[in-house]
Amino acid sequence: MKRVEFRFIYNRKGQLNKDGKALVQLEIYQGRKRKFFSTGIYLTPKQWDDRRQIVKNHTDAQRLNWFLREMMNRFQDYEIQMIQQHGYVELGMF
């Protein structure tokens, strides 16, 4: 069983909207397969720290970072739940 990995992706499509912002998505991948889930958070390029995967230079940075961590925690908890129930987890379970 290959491990499921989680990370945030900013501006996956490489395009900004008319406000100069792009979406932050949660990427879940296992082996070569990937799934993307929208966070609903749009940021300018200067408001995202890709290396640390956090919101920066934003008036609501603390709240947005909390929201992102909570979202990731929910998906990781679900992964653990599936392993406990089924003995494995596959990307299609998300």
With side chains defined as the heavy atoms from C-beta onward, is the minimum distance between [X] and [Y] less than 4.5 Å?
| X | Y | answer |
| --- | --- | --- |
| Val55 | Trp48 | yes |
| Phe8 | Ile54 | no |
| Asn11 | Pro45 | no |
| Met93 | Tyr88 | yes |
| Gln53 | Arg69 | yes |
| Ile9 | Arg7 | yes |
| Leu26 | Met72 | yes |
| Arg74 | Tyr78 | no |

Check: [X] side chain, [Y] main-chain N or O, donor-acceptor pair, under 3.5 Å:
| X | Y | value |
| --- | --- | --- |
| Tyr10 | Leu43 | yes |
| Lys35 | Phe94 | yes |
| Asn17 | Lys21 | yes |
| Gln47 | His58 | no |
| Asp49 | Arg52 | yes |

Count I, L, V, M, F, W, Y as connected when their side-chain heavy atoms are under 4.5 Å apart, and connections chain through other members. Are [X] and [Y] then in the same cluster?
| X | Y | result |
| --- | --- | --- |
| Val4 | Leu68 | yes |
| Trp66 | Phe6 | yes |
| Leu16 | Leu23 | no |

Would you give the length of the straight line joining atom [atom1] of [X] to atom [atom2] of [Y], rounded to the nearest 0.5 angstrom?
| X | Y | atom1 | atom2 | answer |
| --- | --- | --- | --- | --- |
| Gln76 | Glu5 | CD | CD | 9.5 Å |
| Leu91 | Lys33 | CG | NZ | 7.5 Å |
| Glu79 | Met82 | CD | CE | 10.5 Å |
| Leu64 | Lys56 | CG | NZ | 14.5 Å |

Check: Are more than 12 heavy atoms from other residues, nucleotides or ligands located less than 6.0 Å from atom CD of Gln62?
Finding: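 Not buried by this count: 12 neighbours or fewer within 6.0 Å.
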Next item on the list: Check Ser38 against Met71 and note the closest heavy-atom contact, atom names and distance.
Entry: O-CE, 3.4 Å
Check: Are Phe75 and Phe37 an aromatic pair by the rule of ring centers under 6.0 Å?
Finding: yes
